[in-house]
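Hydrogens, waters and symmetry mates are skipped; everything else that's a heavy atom, side chains included, is used.
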Amino acid sequence: MSFGETPITLVGNLTDDPELKFTEGGAALAKFTIAVTPRAFDRTSNQWKDGTTAFYRCAAWRALAEHVAESLGKGSRVVAMGRMRQHDWTTDQGEKRSMLAVEVDDIGASVRFTTVQINAKRPAQNGPAADHPWNTPGNPAEPGNEPPF
């Protein structure tokens, strides 16, 4: 994250299936909307009350975009981390427009109210991944298996 960016974490539900597109250069782009509804306990009525729902347009790029499109669908409860970005453009009629959107850096299914099955795609254990300092073999509690820091 760069200086001056606005980080954001969203916990909510996808309003529709992610839309996967590819740029002319071949980069994957997933667009989706996360609905976030705050809840508060009303002691007077002894009930949970929903607040006003906010809808956040989101975009994920490259491998993350493809994983989002393959893994998540309408209604999925997610936790997403990213940055708020402002997009400015001019319409064909010459009108200036602007919108805020979240460029998602990471996203996952929330397990607060459900369980999920993880089908991890692990990198091959040769080449750079095998040499990575955090890729420690064996039991990490044994001496000598701690990551270098």
Side-chain angles (χ1 to χ4, degrees), residues 1-91 96-137 139-141 145-147 149:
M1 188 150 324
S2 299
F3 178 75
E5 292 185 314
T6 306
I8 187 168
T9 300
L10 303 171
V11 179
N13 297 78
L14 297 188
T15 62
D16 210 342
D17 291 337
E19 178 185 355
L20 183 63
K21 296 181 175 186
F22 292 88
T23 65
E24 289 181 19
L29 168 63
K31 292 183 176 184
F32 51 96
T33 300
I34 299 175
V36 178
T37 305
R39 296 194 93 202
F41 191 75
D42 182 350
R43 294 179 191 264
T44 306
S45 66
N46 206 30
Q47 294 180 357
W48 286 95
K49 302 266 180 160
D50 287 343
T52 303
T53 301
F55 297 90
Y56 294 88
R57 287 292 299 154
C58 299
W61 288 93
R62 297 170 194 75
L64 179 60
E66 294 183 58
H67 295 166
V68 165
E70 290 176 24
S71 305
L72 303 172
K74 180 178 182 176
S76 294
R77 185 154 182 89
V78 298
V79 179
M81 296 171 39
R83 299 162 271 149
M84 291 297 295
R85 294 284 174 99
Q86 181 167 321
H87 300 280
D88 300 312
W89 71 96
T90 304
T91 67
K96 292 187 179 206
R97 301 290 170 124
S98 179
M99 70 174 269
L100 289 175
V102 178
E103 187 170 321
V104 174
D105 295 319
D106 205 353
I107 186 169
S110 170
V111 294
R112 183 172 185 161
F113 302 115
T114 190
T115 60
V116 297
Q117 179 70 37
I118 304 294
N119 296 319
K121 296 179 182 178
R122 299 179 189 266
Q125 291 302 309
N126 54 20
D131 298 334
H132 194 279
W134 288 94
N135 188 8
T136 56
N139 182 350
N145 284 338
E146 298 91 9
F149 54 85

A.B. asks: Enter the distance from Met99:CE to Asp88:CG here, rounded to the nearest 0.5 Å.
C.D. replies: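 Result: 11.0 Å between the selected atoms.
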A.B. asks: So among Met84, Glu103, Arg83, which one has a side-chain contact (heavy atoms from CB on, under 4.5 Å) with Glu5?
C.D. replies: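 Among the candidates, only Arg83 passes.
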A.B. asks: To the nearest 0.5 Å, tell me how far Asn13 CG sits from Ile34 CD1.
C.D. replies: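 Going from CG on Asn13 over to CD1 on Ile34, the span is 9.0 Å.
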A.B. asks: Distance from Gln47 atom CD to Arg39 atom CZ, nearest 0.5 Å?
C.D. replies: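 Answer rounded to 0.5 Å: 10.0 Å.
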A.B. asks: Give the minimum heavy-atom separation between Gly82 and Asp105, together with the two atoms involved.
C.D. replies: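 Taking Gly82 first and Asp105 second, the nearest heavy atoms are CA-OD2, 3.7 Å.
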A.B. asks: Could you note down all residue pairs passing side-chain hydrogen bond (donor to acceptor under 3.5 Å, both in side chains) where residues 51-60 supplies at least one of them, sequence neighbours left out?
C.D. replies: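 Applying side-chain hydrogen bond (donor to acceptor under 3.5 Å, both in side chains) to every pair that reaches into residues 51-60, excluding sequence neighbours, yields Thr33-Arg57, Thr37-Thr53.
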A.B. asks: Identify the two heavy atoms, one from Leu64 and one from Val104, that lie closest to each other, and give their separation to 0.1 Å.
C.D. replies: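 Result for this residue pair: CD2-O, 3.5 Å.
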A.B. asks: Is any side-chain heavy atom of Leu14 less than 4.5 Å from a side-chain heavy atom of Lys74?
C.D. replies: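 SC-SC contact between Leu14 and Lys74 ruled out.
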A.B. asks: First locate atom NZ of Lys31, then atom CG of Asp16, and finally report the distance between them rounded to the nearest 0.5 Å.
C.D. replies: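 Result: 14.0 Å between the selected atoms.
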A.B. asks: How about Phe55 and Val36: do any of their side-chain heavy atoms sit closer than 4.5 Å?
C.D. replies: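 Phe55 does not reach Val36 side chain to side chain.
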A.B. asks: Can you give me the closest heavy-atom contact between Ile107 and Val68, atom names plus distance?
C.D. replies: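 So the minimum-distance heavy-atom pair works out to CG2-CG2, 3.5 Å.
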A.B. asks: Please round to the nearest 0.5 Å and tell me the distance separating atom CG of Leu29 and atom OG1 of Thr23.
C.D. replies: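 It comes to 8.0 Å.
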A.B. asks: Mind listing the closest non-hydrogen atom pair of Ala30 and Ala65 along with its distance?
C.D. replies: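 Scanning both residues completely, I find the closest heavy atoms to be N-CB, 3.4 Å.
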A.B. asks: Rounded to the nearest 0.5 Å, what separation is found between the CG atom of Leu72 and the CZ atom of Arg77?
C.D. replies: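 One finds 13.0 Å between CG of Leu72 and CZ of Arg77.
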A.B. asks: Between Asp17 and Gly73, which heavy-atom pair has the shortest distance, and what is it?
C.D. replies: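 So the two residues come closest at OD1-CA, 3.3 Å.
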